[in-house]
Structure formats: structure tokens, C-alpha cells
Asker: 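Have a look at the structure that comes next, please.
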2 protein chains.
Amino acid sequence: MSQLLSLRDRKRTETWAALHNAAARLTLENGPDRVTTEAIAAQANVSARTFFNYFSTKEDAILGLQDPSIDDTWLEAFDVDANLLDQVSRLLVNVVHSTEGGADGDSLRMEVVQRFPQLRQRRFGYFLKVEQLVRDVVTEGITASAKWVDVAQHHRAEDISRMIVLIAGAPMRYAMQESAHAPTLDNQFAALSTANALLREVLPEIQ
Amino acid sequence: MSQLLSLRDRKRTETWAALHNAAARLTLENGPDRVTTEAIAAQANVSARTFFNYFSTKEDAILGLQDPSIDDTWLEAFDVDANLLDQVSRLLVNVVHSTEGGADGDSLRMEVVQRFPQLRQRRFGYFLKVEQLVRDVVTEGITASAKWVDVAQHHRAEDISRMIVLIAGAPMRYAMQESAHAPTLDNQFAALSTANALLREVLPEIQ
DNA sequence: ATGCAGCGCCGCAATTTTGCAGTTGTGTAA
DNA sequence: TTACACAACTGCAAAATTGCGGCGCTGCAT
């Protein structure tokens with residue numbers, strides 16, 4: 001049998017997906033304002049209270065957003081002393097992905113974001129949490145690194161990593177703004193890699 | 001919406017039915033000895049431990065047996081001072097029914113009992129619990145009744161009701177033995193009413 | 001303007017489910 | 001015989017779910 005997840009974890013995932021699907025489906029049918037958290041919970045066959053055990057707001061459920069997290073594998077592979085920009089970029093992409101749970105294939109998220117732009121700001125809100133998380137990782141790396149002792153004498157590690165994450169995150173912000181107009185998954189990838197290229201070209205010019 | 005049962009109660013009923021169905025189905029496919037409680041739980045999509053929150057033995061799950069209970073309606077209607085034999089008979093039938101939960105229509109119980117006679121004794125075991133419950137009701141009634149004070153001077157109320165329930169229960173025992181050979185629902189009803197008629201004929205002859 | 005109903009959301013206690021580490025009994029292979 | 005796997009079943013503590021009362025806000029009828 002598939003014993004990768006415990007029964008508990010499997011059910012938790014199922015309930016999460018059921019709530020997100022119900023929320024997204026009902027929203028597509030009636031618009032986000034005509035959907036109540038009660039109706040969503042009923043569709044997912046759980047109590048109204050349980051809804052808020054999984055999502056802190058109705059919008060989070062509609063969009064299927066979770067708090068960001070970093071896989072241990074990524075943490076171990078992270079090395080501040082080489083290719084920092086690349087690494088932080090990839091970390092950001094990965095952590096953003098962690099905020100959008102479940103299988104993307106059958107998720108109704110895309111359609112929802114496209115049809116109800118009011119919901120978009122919520123994703124930016126989550127990007128702040130993502131940055132915070134990544135910043136912590138970078139801060140820790142810098143603090144422990146010999147390569148950064150010089151810079152760290154003039155600035156606090158927190159500030160250094162804030163700046164690094166801001167730069168590395170610029171392409172994602174750029175892509176997110178773009179994706180307002182082109183919300184398919186392919187288009188988002190395209191926007192991101194365009195933005196990445198742009199960053200590489202701009203960086204050498206401004207120093 | 002149908003708000004007769006709370007979400008909690010509705011789910012409890014569903015889980016009970018899922019476990020019973022899984023147990024009965026797997027038993028029909030493989031025989032009771034080749035079915036594990038784990039497999040049943042897995043089929044019902046609950047943990048192995050939860051199985052034992054619903055049934056105290058594997059056989060109970062296969063047969064779909066619950067502890068007997070008496071509906072309050074029946075309790076209020078019960079009156080020791082009139083038609084006692086009839087009332088206790090009906091009470092017994094009703095309480096026996098309460099031990100066999102769920103919708104009888106789609107239950108696989110019948111088929112299981114017919115094909116695996118080893119399971120039959122378990123039903124008799126439950127009949128003892130049923131008698132106990134009914135006995136308590138009758139005892140309480142007798143204790144509070146003016147009509148029974150005379151008899152109660154020579155015998156304890158417990159013993160009186162024990163005898164009454166035994167007599168009133170004779171047709172059910174008779175029918176249960178018969179049903180070994182004719183296990184359909186109709187046949188059981190027929191056997192029971194035959195036995196009832198028989199009792200009525202015998203009673204006057206033996207006093 | 002004023003009340004009032006509806007909805008999002010939270011805290012808390014009761015109930016249920018799960019995981020885990022047993023104990024016991026039974027068949028089976030060495 | 002001994003050893004050992006396996007399955008029924010239990011106790012207990014952690015986690016999840018539910019019900020319920022309550023808070024704050026918003027829109028709407030009076």
C-alpha cells in the first residue's frame with residue numbers, strides 16, 4: 001500500500017483539498033461575495049468551525065493558500081557562499097510554491113484569480129510571509145559564513161539579507177504584476193524567466 | 001436541509017455503516033476467518049483503533065450488532081397493568097431490532113448469517129442483553145404497580161419479571177432457532193407469528 | 001438614526017479519531 | 001518442545017472535529 005503518509009496526514013490533506021475545491025467551485029458559480037464559509041464547510045462535509053481550523057480567511061480557502069514552509073532538503077543544500085542570487089531565487093520560487101498546496105492540475109485557483117481580481121492582493125500578502133521566511137534562512141547563513149564577515153561589520157545581517165531577498169525577489173514581483181494580464185501557468189513561468197533575464201542585464205549596469 | 005441529526009451524529013452513523021458494510025462484504029468474499037479488523041478499517045477509511053470504538057468484536061461488525069436500547073416513546077407507553085404479555089412481546093421485538101442497526105434493506109447481514117452459521121451464536125448472546133434490558137423495565141413497572149403487590153409478597157420483583165420475560169421471549173427464541181433453516185426476513189416474521197400463536201394455545205392448557 | 005439580522009472569525013470544552021505500545025491467544029515452522 | 005509471527009483487542013495521550021456562545025462589522029429596513 002501507499003504508506004508514505006499516515007492516515008492522519010492523508011485525511012488532513014483530503015479535507016484541505018475538499019475545502020479549497022468547495023470554496024473555489026462555489027466562488028466560480030456565485031462570486032466570492034455570495035459564498036458563505038458555512039456553505040463551503042457544508043460542501044466539504046465538515047463543520048463550520050473546522051473550516052477555520054484549515055484557513056484563517058475565506059479568501060485563503062478560495063485561493064488555496066497555506067503558510068509558507070521550507071523543505072529540509074532545500075535547507076541542507078543552501079550555501080550562502082556560492083551563487084547566492086541563484087540560490088535565493090530558487091528558494092523563493094520553491095517557497096512560493098509551498099503556499100499553493102495540492103495538485104495544481106485539478107486546482108481551480110487559476111480560473112478564480114483570473115475571474116475575480118479582487119482576490120489577487122491576498123497572494124501578494126502571502127509573498128511577504130515568503131520573503132520573511134527566506135530572509136531568516138539567509139540571515140542565518142550569513143551570520144555563520146566567513147565570506148560575509150566584512151560586510152557584516154557595517155550592516156546587520158538582517159538588513160543584508162533583507163536587501164538580498166528584495167533583489168532576488170524582484171523578478172517574482174515583476175512576474176506577479178505581469179500575471180495579472182496573463183494568468184496561465186505557462187505565462188507565469190515565461191514572465192518569471194523574462195524578469196530574471198532582465199535582472200541579470202540590469203545588475204551589471206547599475207554598479 | 002435535513003437537520004434531524006447533528007453533523008456529529010450523522011457522521012457517527014455513516015462510520016458505523018461503513019464499518020459494518022466493509023466487514024460484511026469482505027466476509028462474503030473471503031470468509032470470516034480470512035478477514036482482519038485492519039482490512040475492515042482500511043475499507044471503511046478509518047484507523048484500526050477506531051474500529052474498536054464502534055464494535056467490541058470482529059463478529060459484531062460483520063453482523064452489524066449494537067448494544068440494545070429502548071426508545072423513550074416505548075418506555076412511556078409501557079403499562080404493566082394491561083396486556084402484559086403482548087406488551088413485553090412487542091418490547092422484545094422492538095429492542096431486538098435496536099441491536100441490528102442501520103437500514104435493513106441494503107444490509108448484508110442476512111446473507112452473512114446464512115452462509116456462515118458460526119456467527120449465529122453471537123446473535124443469541126445479544127438476545128441475553130435484550131432480555132436483561134427488558135427485564136429491568138418490567139421490574140420497575142411491577143415494583144410501582146398496585147396490581148402486583150400480592151404476587152410481590154411471595155417473590156422478588158426481579159424474579160417475577162425474569163419469568164415473564166422468559167415466557168414472552170419464548171416465541172422469539174423459537175423463531176431464532178427456526179430461522180437457522182429459513183433466514184430471510186419474511187421467514188423470520190412468519191416463524192415468530194407461528195410461535196406466538198403456539199404460545200397462546202399452549203398457555204391455557206398448562207395452568 | 002437606530003435597531004437588527006447576517007456573516008466572518010475566535011475561544012473553549014466536549015467528543016471523536018488516531019497512533020502507539022502493549023497483552024493475550026493461536027497457528028506454524030524449526 | 002520452543003520460538004515466533006500474526007491477529008484480536010485494550011489503555012492512554014496527542015491531535016482533530018464539533019458545537020456553541022460571543023465579538024465586531026456591515027448592510028438594510030424602519
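Residue numbers begin at 1 in each chain, while the letters A, B, ... track the order of the sequences. Quantities reported herein were computed from a predicted structural model and do not represent experimental measurements.
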Asker: For A:Glu140, I'd like to know if atom CD has over 12 heavy atoms of other residues, nucleotides or ligands within 6.0 Å.
Answerer: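 No.
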Asker: Measure CG/B:Leu26 against P/D:dA7 and give the value in whole Å, please.
Answerer: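 Result: 14 Å.
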Asker: Does A:Arg12 make a cation-pi contact with A:Tyr54, if we ask for NZ or CZ under 6.0 Å from the ring centre and within 45° of the axis?
Answerer: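 Because its charged atom sits under 6.0 Å from the ring centre and within 45° of the axis, A:Arg12 does stack over A:Tyr54.
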Asker: Counting only side-chain N and O atoms of A:Tyr54, is one of them less than 4.0 Å from OP1 or OP2 of D:dA16?
Answerer: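 Checking A:Tyr54 against D:dA16: no side-chain N or O falls below 4.0 Å of OP1 or OP2.
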Asker: Has B:Arg90 got its NZ or CZ under 6.0 Å from the middle of the six-membered ring of B:Phe78, at an angle within 45 degrees of the ring axis?
Answerer: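 Negative - B:Arg90 is either too far from the ring of B:Phe78 or too far off its axis.
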Asker: Measure the distance from CG on A:Asp9 to P on C:dG19 and round it to the nearest whole Å.
Answerer: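 Rounded to the whole Å, the gap is 8 Å.
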Asker: Rounding to a whole Å, what distance do you find between A:Phe52:CZ and D:dA16:C1'?
Answerer: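 The answer, rounded to whole Å, is 17 Å.
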Asker: Without decimals, in angstroms, what is the distance between A:Asn53 CG and D:dT18 P?
Answerer: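 Roughly 9 Å, once rounded to whole Å.
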Asker: Could you say whether B:Ser56 or A:Phe51 is positioned toward the 5' end of DNA chain D, judged by the nucleotide with the nearest heavy atom to each?
Answerer: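 In this pair, the answer is B:Ser56.
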Asker: Please list residues of residues 58-70 of chain A whose heavy atoms come under 4.0 Å from any atom in DNA chain C, ordered by number; otherwise none.
Answerer: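 Residues of residues 58-70 of chain A that come under 4.0 Å of DNA chain C are, in numerical order, A:Lys58.
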Asker: When the distance from CD of A:Glu14 to C1' of D:dT17 is rounded to whole Å, what number comes out?
Answerer: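 Result: 15 Å.
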Asker: Base, sugar-phosphate or nothing for B:Thr50? Non-hydrogen atoms, less than 4.0 Å.
Answerer: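 B:Thr50: base contact, heavy atoms under 4.0 Å.
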Asker: If you apply the rule side chain to side chain contact (heavy atoms under 4.5 Å, CB included), what do you find for A:Glu59 with A:Arg123, and how did you get there?
Answerer: CA-CA 10 Å; A:Glu59 294 187 342; A:Arg123 302 187 78 192; over 6 Å; no
Asker: Using atom CZ of B:Arg49 as one end and atom P of D:dA14 as the other, report the distance to the nearest whole Å.
Answerer: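 So the two atoms are 16 Å apart, to the nearest Å.
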Asker: What is the distance from CG of A:Leu7 to P of C:dC20, rounded to the nearest Å?
Answerer: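 Whole-Å distance recorded here is 11 Å.
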Asker: More than 12 foreign heavy atoms under 6.0 Å from CD of A:Gln118: is that the case here?
Answerer: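 Yes, because the 6.0 Å sphere around CD of A:Gln118 holds more than 12 heavy atoms from other groups.
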Asker: Tell me which of A:Thr36 and B:Lys11 sits closer to the 5' end of DNA chain C, going by the nucleotide each one is nearest to.
Answerer: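 So the residue in question is A:Thr36.
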Asker: In whole Å, I'd like the distance from the CZ atom of A:Phe55 to the P atom of D:dA16.
Answerer: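 Answer to the nearest Å: 15 Å.
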Asker: Among the candidates C:dT16, C:dT18, C:dC9, find the nucleotide nearest to the side-chain atoms of B:Arg12.
Answerer: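 Out of C:dT16, C:dT18, C:dC9, the nucleotide with an atom closest to B:Arg12's side chain is C:dT16.
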Asker: Taking the side chain of B:Ser47 as heavy atoms from C-beta outward, which of D:dT18, C:dG19, C:dC9 is closest to it?
Answerer: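 Of all the options, the side chain of B:Ser47 is nearest to C:dG19.
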Asker: Got B:Val46 and B:Phe51 here, is their nearest side-chain heavy-atom distance under 4.5 Å?
Answerer: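 Sidechains of B:Phe51 and B:Val46: no contact.
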Asker: Check whether any side-chain N or O of B:Ser6 sits under 4.0 Å from OP1 or OP2 of D:dG19, and answer yes or no.
Answerer: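 For B:Ser6, the contact criterion (side-chain N or O under 4.0 Å from OP1 or OP2 of D:dG19) is met.
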Asker: Report the nucleotide, chosen from D:dC9, C:dC9, C:dG19, that has the shortest atom-to-atom distance to any side-chain atom of A:Arg8.
Answerer: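 Nearest listed nucleotide: C:dG19.
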Asker: Counting only heavy atoms not in A:Gln121, do more than 12 sit closer than 6.0 Å to its CD atom?
Answerer: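 Atom CD in A:Gln121 is not crowded, with 12 or fewer foreign heavy atoms closer than 6.0 Å.
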